[in-house]
Amino acid sequence: MNGKFITLAERESDVLDWGVMGWLSRPTTTGAKDLVVIEVTLDPTFGHNFHKHPDQEEVIYVVEGEIEQWLGTEMRILSVGDSVFIPADVVHASFNVSARPAKVIAILGPCAGEEGYQLIEVYDQSPWNSLRNS
């Protein structure tokens, strides 16, 4: 494949309990081997709870709104233009702390598995299940 244009109308999206994942690049749609790129919209007061990507690095870049970003046990509020680099196998989470939708671009690499994106949820394990309550 020599690349692929993806219009907004053609973009595949997954609607989840906490927001929408719009797939900009992944193996099944672009043939990518090294990059998964996702436009993620986090609904107000919701987020992608604590998880990790064992074999993938990730960059999260804030496009709209503010997010409470966790990197391991460290938390920062990120605003438009801010980003975080997450090494492979490091637990992280992103929560929208505003009354408006927040939007981020998530870039992961290399692709892992058939969909290009693999994760392990850990939000119900210690210490992750108590960090936001402390």
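We number each residue from 1, following the sequence as shown. The structure presented is a predicted model; accordingly, all values stated were derived computationally and were not measured.
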Do [X] and [Y] have side chains that approach each other closer than 4.5 Å (heavy atoms only, starting at C-beta)?
| X | Y | result |
| --- | --- | --- |
| Val84 | Tyr61 | no |
| Asp14 | Val20 | no |
| Ile67 | Val62 | yes |
| Trp128 | Trp70 | no |
| Phe50 | Leu131 | yes |
| Pro54 | Ile120 | yes |
| Leu71 | Ile86 | yes |

Give, for atom [atom1] of [X] and atom [atom2] of [Y], the distance between the pair rounded to the nearest 0.5 Å.
| X | Y | atom1 | atom2 | result |
| --- | --- | --- | --- | --- |
| Asp43 | Asp17 | CG | CG | 9.5 Å |
| Leu35 | Ile107 | CG | CD1 | 7.5 Å |
| His48 | Asn96 | NE2 | CG | 14.5 Å |
| Ser94 | Leu42 | OG | CG | 6.5 Å |
| Glu57 | Leu108 | CD | CG | 9.5 Å |
| Gln69 | Arg76 | CD | CZ | 11.0 Å |

Next item on the list: Check for a donor-acceptor pair, side chain of Lys4 on one end and backbone N or O of Thr29 on the other, with a separation under 3.5 Å.
Entry: yes

Check: Counting N and O atoms only, with roles assigned by atom type, does the side chain of Thr30 sit under 3.5 Å from a partner on the main chain of Pro27, one being a donor and the other an acceptor?
Finding: no

For [X] and [Y], which heavy atoms make the closest approach, and how far apart are they?
| X | Y | result |
| --- | --- | --- |
| Thr41 | Pro101 | CG2-CB, 4.0 Å |
| Asn129 | Asp124 | ND2-O, 3.4 Å |
| Lys52 | Val90 | CB-O, 3.7 Å |
| Ser13 | Gly22 | OG-CA, 3.7 Å |
| Ala32 | Ser25 | CB-OG, 3.5 Å |

Report whether [X] and [Y] are members of the same hydrophobic cluster (ILVMFWY, side-chain heavy atoms less than 4.5 Å apart, transitive linking).
| X | Y | result |
| --- | --- | --- |
| Trp23 | Ile60 | yes |
| Leu119 | Phe85 | no |
| Tyr123 | Met75 | yes |
| Phe95 | Leu78 | no |

With distance as the sole criterion, is a donor-acceptor pair present between the side chains of [X] and [Y] under 3.5 Å?
| X | Y | value |
| --- | --- | --- |
| Trp18 | Asn49 | no |
| His53 | Glu58 | yes |
| Ser98 | Glu66 | no |

Margin query: Does Ile105 form a side chain to side chain contact (heavy atoms under 4.5 Å, CB included) with Ile38? I'd like the steps, not just the answer.
Written below: CA-CA 6 Å; Ile105 300 294; Ile38 314 162; over 6 Å; no

Check: Got a sec: does the CZ of Arg11 have more than 12 other heavy atoms crowding it under 6.0 Å?
Finding: yes

Note to self: Taking atom CD as the centre, does Glu114 end up with more than 12 heavy-atom neighbours from other residues, nucleotides or ligands that are less than 6.0 angstrom away?
What the structure shows: no

Checklist line | Salt-bridge criterion met for Glu68 and Arg132 (N-O under 4.0 Å) | finding: yes

Note to self: Is the positively charged end of Arg26 above the ring of Tyr117, judged by distance under 6.0 angstrom from the centroid and angle within 45° of the axis?
What the structure shows: no

